[in-house]
Amino acid sequence: MPLVFGCSRFFHSQWSVTEAAADIQGHGFRKALIVTDKILNQIGVVARLTALLAEHDIESVVFDETKPNPTMTNVESGLAMIKAHGCDCVISLGGGSPHDCAKGIALVATNGGCIQDYEGVDCSARPQLPLIAINTTAGTASEMTRFCIITDEARQVKMAIIDKHVTPLMSVNDPELMLAKPAGLTAATGMDALTHAIEAYVSTAATPVTDASAVMAIQLIANHLRTAVNQGDDLHAREQMAYAQFLAGMAFNNASLGYVHAMAHQLGGFYDLPHGVCNAVLLPHVQAYNARVSAARLKEVARHMGVDVSAMSDAQGAEAAIAAIKQLALDVKIPAGLEQLGVKADDFDVLASNALKDACGFTNPKQASHEEIVAIFRAAM
């Protein structure tokens, strides 16, 4: 039996997205745009979904051009398919990239204009076209949040679209769909989830409810990410990481994020780098900056990561948290610094300027100057 709470479902039976297909049919939808990527299409996952939908009298067309950092062009292409085929819903299949791309498509489908019009917080007037998100990774939580990140190729910037209208109608998390994912992808998405949890926990908008979700996510990730990376067929580890990323999503969906994401978005937009890896590299350095005002909270992060902090001061506990984050990143083979990713110091000024405009930074526990953001980038090299 599935465990059900909120809008997410954790299934255990073989290809139990069958139940999701029945729900989609129950909503009365008859033609879906499936937003995914070429790999999932090539290995047959998309074909299984389209066949399943057909069994429930739901026609579908497939858009598999989603880039790892989805772009405005992706959104425009998917929107053209919706108009050409008269789709009445969107189904995203994959990780954060297809989910974000699908959100952008669905939002513009009902609100008009272009996706750039909705950059910022709650800029849309109407709900998006109904979106069902089927998740295949444990990291972004995009399948259940109000966050949508789309790259503006012309500006080389990742736009943060934070809008209640991009929350999916239904999201499905099935750990079996996450089995055998590459170790590098598992590590990057897992560290992305850890970043969500920690940034939400130190956010100025944190509440007891978001704290409860964040600390449980931190515990689960500290206990299970290494196993999920090293033993990709371990269903228990995959399931616990699925819970962790969803809990982290619940936390940041309400408490928002901080400078890790504001800065990582610029690296992704400027260099087309993987989001989870950028977060993982930046996370300890941003928290070292935040420790000036959030040492007590970071001490709690260390405790939830398994560190005995009983004899530590707040400052020592914060240092222990940063060390634990670095050790976890090292253990799952995250690159040690931005230089390994091809980041150039000459670009820090523009990266910092854009990071300070990113809505994710507004709830960071300590607001930074341009020079301080540059210094964090430099420390992360």
Side-chain angles (χ1 to χ4, degrees), residues 7 24 27-37 58-67 69-135 140-171 249 252-254 256-257 261-262 265 268-269 275 354 357-360 362:
C7 62
I24 295 169
H27 279 284
F29 302 133
R30 291 294 175 261
K31 193 157 192 178
L33 174 70
I34 298 174
V35 179
T36 187
D37 59 46
I58 303 165
E59 296 182 53
S60 59
V61 291
V62 177
F63 175 75
D64 68 354
E65 301 291 334
T66 306
K67 293 185 176 181
N69 290 307
T71 65
M72 288 180 61
T73 300
N74 286 160
V75 172
E76 291 164 2
S77 298
L79 185 64
M81 290 188 69
I82 280 184
K83 293 177 178 178
H85 295 277
C87 299
D88 58 6
C89 69
V90 181
I91 301 173
S92 56
L93 176 65
S97 300
H99 299 325
D100 279 5
C101 186
K103 287 176 177 180
I105 294 167
L107 190 68
V108 179
T110 56
N111 282 273
C114 68
I115 192 61
Q116 193 176 35
D117 298 333
Y118 306 103
E119 183 177 8
V121 180
D122 288 335
C123 295
S124 69
R126 291 182 291 277
Q128 65 185 0
L129 205 65
L131 170 62
I132 297 90
I134 301 172
N135 206 23
T140 70
S142 183
E143 83 282 358
M144 51 77 68
T145 67
R146 61 192 176 101
F147 285 70
C148 171
I149 309 300
I150 301 294
T151 297
D152 181 333
E153 305 101 311
R155 290 187 292 157
Q156 292 183 293
V157 167
K158 275 191 170 187
M159 299 181 291
I161 298 151
I162 306 171
D163 198 307
K164 60 183 179 294
H165 286 148
V166 303
T167 303
L169 172 68
M170 176 170 59
S171 63
F252 88 81
N253 199 37
N254 292 280
S256 197
L257 295 160
H261 274 77
H265 288 161
H275 176 66
N354 290 334
K357 300 172 187 174
D358 192 295
C360 290
F362 299 164

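In this text, all values refer to a predicted model and were calculated from it rather than measured experimentally.
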Using residues 154-164 as the side-chain source, report each donor-acceptor pair under 3.5 Å to any protein atom, sequence neighbours left out, with the distance given to one decimal.
unit_1	atom_1	unit_2	atom_2	d
Arg155	NE	Asp152	OD2	2.8
Arg155	NH2	Glu119	OE1	2.8
Arg155	NH2	Asp152	OD2	3.4
Lys158	NZ	Asn69	OD1	2.7
Asp163	OD1	Ser124	OG	3.1
Asp163	OD1	His165	N	2.8
Asp163	OD2	Cys123	N	3.3
Asp163	OD2	Ser124	N	3.1
Asp163	OD2	Ser124	OG	2.9

Just jot down the ring pair (Phe, Tyr, Trp, His ring centres under 6.0 Å) partners of [X], sequence neighbours excluded, or say none.
X     : answer
His85 : none
Phe63 : none
Phe29 : His27
His99 : none

- [ ] Indicate yes or no for a side-chain donor-acceptor contact from Ser92 to the backbone of Val35 under 3.5 Å, with no hydrogens or angles considered.
- [x] no

Open item on the list: When you measure from the side chain of Asn74 to the backbone of Lys67, do you find a donor-acceptor pair of N or O atoms at a distance under 3.5 Å?
Closed with: yes

Partners meeting side chain to side chain contact (heavy atoms under 4.5 Å, CB included) with [X] (sequence neighbours left out):
X      : result
Ala106 : Val90, Gln128, Leu129
Lys357 : Asn354
Asp64  : Thr36, Lys38, Asn41, Val62

Rounded distance [0.5 Å steps], [atom1] in [X] versus [atom2] in [Y]:
X      : Y      : atom1 : atom2 : result
Ile105 : Cys87  : CD1   : SG    : 10.0 Å
Cys114 : Leu107 : SG    : CG    : 11.0 Å
Ile132 : Ile24  : CD1   : CD1   : 4.5 Å
Asn253 : Arg146 : CG    : CZ    : 5.5 Å
Ile82  : Ser77  : CD1   : OG    : 12.0 Å
Ile91  : Ile58  : CD1   : CD1   : 6.5 Å

Task: Counterpart residues, salt bridge (charged side-chain N to carboxylate O under 4.0 Å, His left out), relative to Lys31 (two or more places apart) - done: Glu59

Task: Heavy-atom pair of closest approach, residues Val166 and Cys148 - done: CG2-CB, 4.4 Å

Task: Exercise: identify the closest heavy-atom pair between Asn135 and Glu143 - done: ND2-OE1, 3.4 Å

Open item on the list: Please verify the inter-ring angle class for Phe252 with Phe147; under 30° counts as parallel, over 60° as perpendicular, anything in between as tilted.
Closed with: perpendicular

- [ ] Measure the shortest side-chain to side-chain distance between His265 and Cys360 over non-hydrogen atoms and say whether it is less than 4.5 angstrom.
- [x] yes

Task: Residue pairs, two or more places apart or on separate chains, that pass salt bridge (Lys or Arg N to Asp or Glu O under 4.0 Å) and touch residues 83-104 - done: none

Task: By side-chain hydrogen bond (donor to acceptor under 3.5 Å, both in side chains) - contacts of Thr73 (at least two apart) - done: Glu153

